[in-house]
Amino acid sequence: MGKTCLPLLPLLILFQIISNEAAITVGGGVGIGLGNGGGGVWIGGGIGNTPTPPSVSKLSGAYTALQAWKSAITADPLGILNTWIGSDVCSYKGVFCGIGSDAEPLVAGVDLNHANLQGTLVTELSLLTDISILHLNSNRFSGTVPDSFRGLSSLQELDLSNNHLSGPFPVVTLYIPNLVYLDLRFNSFSGPVPQDLFNKGLDAIFLNNNQFEGEIPQNLGNSPASVINLANNKFSGNIPATFGFMNSKLKEILLLNNRLTGCIPEGVGLFSEMQVLDVSRNSLMGHLPDTISCLSDIEVLNLAHNQLSGELPDLVCSLRTLMNLTVAYNFFSGFSQECSKLFTRNAGFDFSLNCIPGRDMQRPQPECSVIPGSGLSCLRIPAAQPLVCGTLLGNLKANRTSSSSP
């Protein structure tokens, strides 16, 4: 579920933020007419006629910020900063400019993805109060995120992924008032994740491939995000029970390769729009909840490399949108005809290294004599009648209320 970066994506975002009459300038060069006011967009540097430099009334702070940052960059193998000369910041490579609602020119975004710059992030970057995107993916920035970033009042997208940043979770990011996209993956951040992360109105949270540890905050269910990636860290403990009561618009959640234990929460079935659920490479135990059958849009379900047991339910294998089901390296004792039909549907189905009699590539019998977590008690909806997904929420709430009563 890697992220694909399209060259014009930052421009499309900026077009939505700046009015139709706005003029956006990136570097200098090719002009494209926009809006009713005949504004222009310039992409690249030095192609064709360079636009007239804008007035500096709102750009002086940006100049101070960018020059301070330039001084803190120690390596620039691609020569990006060779264009960062003079007061016309709108001619700087990687800098996006536009006209604000007050008709003043402003720096609306910085996109230096894959620039391979080495250095640190400086406090003066907080002077870029008009930027809506800050994309620094795939560089070599080290150190921490400055506390001054809370001053980036217009910032909506912060991508610091694939750098050498370290220290505890950068709490300052939670004070950026309009942030909706937070990408910290592939760095060296460590320690616990604050609860406030899941109280913030973020639509995308990428924390994977760091060194975060401790339990996932119990208020995970408060998050309105559509994508959450906590993979490849050191999270431990149970998946929070509130997991099933979070935003039903959640489409992807990746918890793979952590140190999670306990059961898969019953409430997982509330995610009617879930497309990807990956909890592989943990130490989850017990039987699968029948509620997984309510994941009507699920495409990828990866439960591999855990200690799950019991029989793989027909209800799971019957999910019509399922394209890949992986349950390898568990202790499942069997599956029925409905699961066998996955092969005829050209859906990926890996059930190797389990304890299924009569099937190839299973665990040796001695490994199946003692099932891990066989005595584990998981809260389950009674299955006396077929599960009706539409009534799932009410049943779960009733169970939670009764279990919390004295």
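Considering every non-hydrogen atom in both S296 and S272, the closest pair reads OG-O, 3.2 Å. Residues D290 and S293 approach most closely at O-OG, 2.7 Å, considering heavy atoms. Minimum interatomic distance between G269 and C294 (heavy atoms only, all atoms of both residues): O-CB, 3.3 Å. Taking each heavy atom of P313 and C339 in turn, the nearest pair found is O-SG, 4.1 Å. Here the shortest heavy-atom pairing between P366 and S369 reads O-OG, 2.7 Å. Looking at every heavy atom in both residues, M285 comes nearest to L308 through O-CD2, 3.6 Å.
Under a 3.5 Å cut-off, the side chain of S132 and the backbone N or O of A108 do form a donor-acceptor pair. With hydrogens and angles ignored, the 3.5 Å screen pairs a side-chain donor or acceptor of T83 with a backbone N or O of K93. No donor-acceptor pair under 3.5 Å is formed between the side chain of N199 and the backbone N or O of L197. Checked by atom type and distance alone, the side chain of D183 pairs as donor or acceptor with a backbone atom of R185 at under 3.5 Å. No donor-acceptor pair under 3.5 Å is formed between the side chain of Y92 and the backbone N or O of I80. The main-chain N or O of N113 is never found under 3.5 Å from a side-chain atom of S138 such that the two would form a donor-acceptor pair. Side-chain atoms of Q362 come within 3.5 Å of backbone atoms of I356 as a donor-acceptor pair (strictly under, hydrogens ignored). N219 places a side-chain N or O within donor-acceptor distance of the main-chain N or O of Q195, the cut-off being under 3.5 Å. Of the possible polar contacts, none joining the S161 side chain to the F186 backbone as a donor-acceptor pair under 3.5 Å is found.
Among M274, R320, M323, the single residue meeting the side-chain contact (heavy atoms from CB on, under 4.5 Å) criterion with I298 is M274. A side-chain contact (heavy atoms from CB on, under 4.5 Å) with P105 is found for one member of D130, V89, I99 and no other, namely I99. Of the candidates N210, N258, N257, N232 forms a side chain to side chain donor-acceptor pair (under 3.5 Å) with just one, namely N257.
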- [ ] Dump the intermediate steps for side-chain contact (heavy atoms from CB on, under 4.5 Å) on L260 and L255, then the final yes or no.
- [x] CA-CA 9 Å; L260 300 174; L255 304 177; 4.0 Å; yes

Open item on the list: For a ring pair (Phe, Tyr, Trp, His ring centres under 6.0 Å) check, start with the C-alpha distance between F206 and Y181, then their side-chain angles and the critical distance, and finish with the verdict.
Closed with: CA-CA 8 Å; F206 294 97; Y181 179 98; 5.8 Å; yes

TODO: Dump the intermediate steps for side chain to side chain donor-acceptor pair (under 3.5 Å) on N187 and N163, then the final yes or no.
DONE: CA-CA 5 Å; N187 279 287; N163 279 283; 4.9 Å; no

Task: side-chain contact (heavy atoms from CB on, under 4.5 Å) evaluation trace for F149 with T123 - done: CA-CA 7 Å; F149 268 38; T123 59; over 6 Å; no

Task: Residue pair R140, N116: steps toward the side chain to side chain donor-acceptor pair (under 3.5 Å) verdict - done: CA-CA 6 Å; R140 290 177 287 155; N116 199 21; 3.0 Å; yes

Task: CA sep, side-chain torsions, deciding dist, call: F189, L207, side-chain contact (heavy atoms from CB on, under 4.5 Å) - done: CA-CA 9 Å; F189 293 114; L207 304 186; over 6 Å; no

TODO: Check step by step if side-chain contact (heavy atoms from CB on, under 4.5 Å) holds for N137 and H135.
DONE: CA-CA 6 Å; N137 175 349; H135 288 178; 5.8 Å; no

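Note on ring orientation: taking the six-membered ring where Trp is involved, the planes of F212 and F235 are parallel (angle under 30°, cut-offs 30° and 60°).
For the side chain to side chain donor-acceptor pair (under 3.5 Å) condition, the pairs that include at least one residue of residues 321-335, sequence neighbours left out, are N324-T326.
In this structure, C263 and L284 have side chains that are not in contact, with every pair of non-hydrogen atoms separated by 4.5 Å or more. Inter-residue side-chain proximity for L121 and L160 is flagged as met; some heavy-atom pair is nearer than 4.5 Å. With contacts defined as side-chain heavy-atom distances shorter than 4.5 Å, the pair N306/I264 does not qualify. Two residues are said to be in side-chain contact when any heavy atoms from C-beta on lie closer than 4.5 Å; L182 and I176 fail this criterion. Using a 4.5 Å heavy-atom threshold, the side chains of L288 and F332 count as touching. Residues L315 and I292 have side chains not in contact (no heavy-atom distance under 4.5 Å, counting atoms from C-beta outward). The shortest side-chain heavy-atom distance between D203 and V227 does not fall under the 4.5 Å cut-off. Between V110 and W69 the shortest side-chain heavy-atom distance falls below 4.5 Å.
Atom CD1 in I253 sits 6.5 Å away from atom CZ in F271 (nearest 0.5 Å). We find the CD1-CG distance between I239 and N282 to be 7.0 Å, quoted to the nearest 0.5 Å. Rounded to the nearest 0.5 angstrom, T74 OG1 and F141 CZ are separated by 9.0 Å. Here CZ of R359 is found 11.5 Å from CG of N354. Values are rounded to the nearest 0.5 Å. Residue K70 holds its NZ atom at 8.5 Å from OH of Y63, rounded to the nearest 0.5 Å. Between I228 atom CD1 and F198 atom CZ the span is 5.5 Å, to the nearest 0.5 Å.
With sequence neighbours excluded, the residues that form a salt bridge (Lys or Arg N to Asp or Glu O under 4.0 Å) with R363 are E367.
In this structure, D360 places its CG atom where only 12 or fewer heavy-atom neighbours from other residues, nucleotides or ligands lie under 6.0 Å away.
Under the 6.0 Å cut-off for aromatic ring centres, F335 and F351 qualify, their centroids lying closer than that.
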